[in-house]
2 protein chains.
Amino acid sequence: MSAQAGQKQGAPDELAASAGHETAGRLLLAAVEAFAERGFHATTTRDIAQRAGMSPAALYIHYRTKEELLYQISVFGHQRAIRVLGDASRHGVTVADRLAAAVSAFARWHAEHHTRARVVQYELTALGEEHYAEILTLRRRAGDIIRDLLDEGTAGGEFQVADIRSTARAIMSLCIDVARWFDPAGSDSPEQLGRLYAGLALRMAGAAEPPPGFGA
Amino acid sequence: MSAQAGQKQGAPDELAASAGHETAGRLLLAAVEAFAERGFHATTTRDIAQRAGMSPAALYIHYRTKEELLYQISVFGHQRAIRVLGDASRHGVTVADRLAAAVSAFARWHAEHHTRARVVQYELTALGEEHYAEILTLRRRAGDIIRDLLDEGTAGGEFQVADIRSTARAIMSLCIDVARWFDPAGSDSPEQLGRLYAGLALRMAGAAEPPPGFGA
DNA sequence: GTCTATATGTTGATAGAC
DNA sequence: GTCTATCAACATATAGAC
């Protein structure tokens with residue numbers, strides 16, 4: 001795969017652009033692919049540089065360490081995922097609509113960006129201590145979005161949830177795990193998956209089923 | 001942590017025993033911990049040997065390669081998880097009871113054995129091609145257990161599932177992801193988690209809610 | 001079966017030319 | 001800003017003594 005693999009023609013990648021420098025952005029995309037395939041620790045700086053079409057030394061002009069690459073990917077990925085989740089969670093009149101929109105968007109993000117989601121969700125522990133703590137703060141924000149929706153829906157009688165904290169965690173967990181198994185060559189599109197997961201989340205929340213013919 | 005970390009006093013570990021030789025078993029347990037902490041590729045044979053209290057060379061008396069250690073862990077772990085799932089799935093009169101039992105047991109296994117479950121579920125891709133294919137066959141069997149239950153319940157009118165294949169995958173996915181986040185120091189016990197997840201799975205399957213006071 | 005010692009290659013990161 | 005060349009540390013796996 002080339003350094004631009006996964007990059008749609010003419011659609012500038014946000015992650016690459018976030019680096020501020022063209023070469024730095026290319027290295028960032030190369031690192032995502034390498035980390036997703038082999039994991040952070042097993043990825044060599046040589047591999048990253050090679051995927052970006054550069055010499056091993058070039059990496060250190062743009063990033064102090066290999067860990068800094070992971071950190072940039074992690075921060076940006078979390079920010080995007082949380083934004084997608086948060087925006088969708090304000091998109092709807094009823095709480096059920098908003099939960100469905102939030103879950104649909106979050107699951108869909110993990111399917112569409114499954115490669116970088118894999119790095120974002122599974123390589124966290126390779127971060128340095130300070131960077132790790134910083135990311136955990138971001139993650140708490142994401143969990144709170146779902147929990148607030150369950151809180152609101154339960155208080156208003158639209159949802160029936162015995163354990164809000166655990167149920168919110170389960171819904172997040174369901175969406176996150178998409179990054180592990182999703183295969184773009186499989187039969188489900190990210191959109192279909194999002195719709196399906198929205199329905200599952202509503203059921204998990206004990207929301208009243210829509211009458212047949214509505215939704216689904 | 002010592003090589004016996006996680007090992008309850010006097011309770012012989014099945015995984016260790018499966019090696020057939022005491023030292024080989026100790027190396028297997030050491031490898032599980034190392035792979036879970038750092039990932040397969042990033043784990044050194046020195047680290048494994050050291051955790052088992054042996055010299056680096058001792059590993060190669062019992063295992064030809066580092067990959068063979070992962071393979072043994074993977075086969076045994078999958079066999080156990082599938083057995084736990086399959087046994088529970090025959091435990092109940094109604095389909096709903098059996099689905100609840102299966103999900104409860106499967107989620108609980110991932111919580112109780114979260115360290116080895118992490119290796120089993122997330123280090124698959126580090127296996128050699130043949131070993132990987134072998135494990136995939138095992139995994140398909142696990143997925144089929146849940147799918148068969150959804151099939152049966154839907155045919156009998158007890159469940160309401162639009163997309164059986166995807167819903168079965170989602171239920172499996174929910175349980176598997178427990179290995180990623182479960183913290184034994186957290187507030188939920190594996191048993192509580194199993195109960196909660198059984199209820200969530202029933203809802204995902206569109207099973208009729210038990211009247212208040214029954215179950216939950 | 002376990003050890004010490006080591007062969008052979010690779011690693012993250014740097015030095016210095018251009 | 002990028003390259004080639006390189007360092008010191010570390011990797012997997014093996015040889016041979018006990």
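In the text below, chain A, chain B and the rest are named by the order of the sequence lines, each starting its count at 1.
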**Message:** Nearest whole Å is fine: how far is D:dT2 P from A:Gln50 CD?
**Reply:** 17 Å

**Message:** With the threshold set at under 4.0 Å for non-hydrogen atoms, list the residues of residues 40-47 of chain B touching DNA chain D in residue-number order.
**Reply:** B:Thr43, B:Thr44, B:Thr45, B:Arg46

**Rounded interatomic separation in angstrom, taking CE from B:Met54 and C1' from C:dG1** = 8 Å

**Request:** Any chance you could measure A:Ile146, atom CD1, to A:Arg169, atom CZ, to the nearest 0.5 Å?
**Result:** 14.0 Å

**Message:** Rounding to an integer number of Å, can you tell me how far A:Ile48 CD1 sits from C:dA13 C1'?
**Reply:** 13 Å

**Prompt:** What integer distance in Å separates A:Leu70:CG from C:dG12:C1'?
**Reply:** 15 Å

**Request:** Could you please spell out the steps behind the salt bridge (charged side-chain N to carboxylate O under 4.0 Å, His left out) verdict for B:Glu37 and B:Arg51?
**Result:** CA-CA 13 Å; B:Glu37 273 175 33; B:Arg51 284 174 196 251; 3.0 Å; yes

**Asked** With respect to the phosphate group of C:dT14, does any side-chain polar atom (N or O) of A:Tyr60 fall under 4.0 Å of OP1 or OP2?
**Response** no

**Residue whose nearest DNA chain D nucleotide is more 5′ - A:Thr23 or B:Arg64** = A:Thr23

**Request:** Could you check A:Arg116 against A:Glu14 for salt bridge (charged side-chain N to carboxylate O under 4.0 Å, His left out), going step by step and ending with a plain yes or no?
**Result:** CA-CA 12 Å; A:Arg116 68 186 63 171; A:Glu14 300 161 319; 5.3 Å; no

**Prompt:** Tell me: CG of B:Leu27 to C1' of C:dC3, nearest whole Å?
**Reply:** 14 Å

**Asked** Which word best sums up how the rings of B:Tyr122 and A:Tyr122 line up, parallel for under 30°, tilted for 30 to 60°, or perpendicular for over 60°?
**Response** tilted

**Request:** Could you label the plane-to-plane angle of the A:His113 and A:Trp109 rings as parallel, tilted or perpendicular, counting under 30° as parallel and over 60° as perpendicular?
**Result:** tilted

**Message:** Heavy atoms only, 4.0 Å cut-off, all strands: where does B:Ala57 land among base, sugar-phosphate and nothing?
**Reply:** base

**Message:** Just the rounded figure in Å: distance from C1' of C:dG1 to OH of B:Tyr63.
**Reply:** 14 Å

**Asked** Rounding to a whole Å, what distance do you find between B:Ile61:CD1 and D:dG16:C1'?
**Response** 12 Å

**Prompt:** Quick one: A:Leu59 CG to C:dT11 C1', roughly how many Å, whole number?
**Reply:** 13 Å

**Message:** One thing to verify: whether B:Glu22 and B:Arg26 come together as a salt bridge, which I'm taking to mean a side-chain N less than 4.0 angstrom from a carboxylate O.
**Reply:** yes

**Request:** With the side chain of B:Lys66 defined as its heavy atoms from C-beta on, choose the nearest nucleotide among C:dT2, D:dT2, D:dT12.
**Result:** D:dT12

**Prompt:** So among A:His114, A:Arg139, A:Arg180, which one has a side-chain hydrogen bond (donor to acceptor under 3.5 Å, both in side chains) with A:Gln121?
**Reply:** A:Arg139

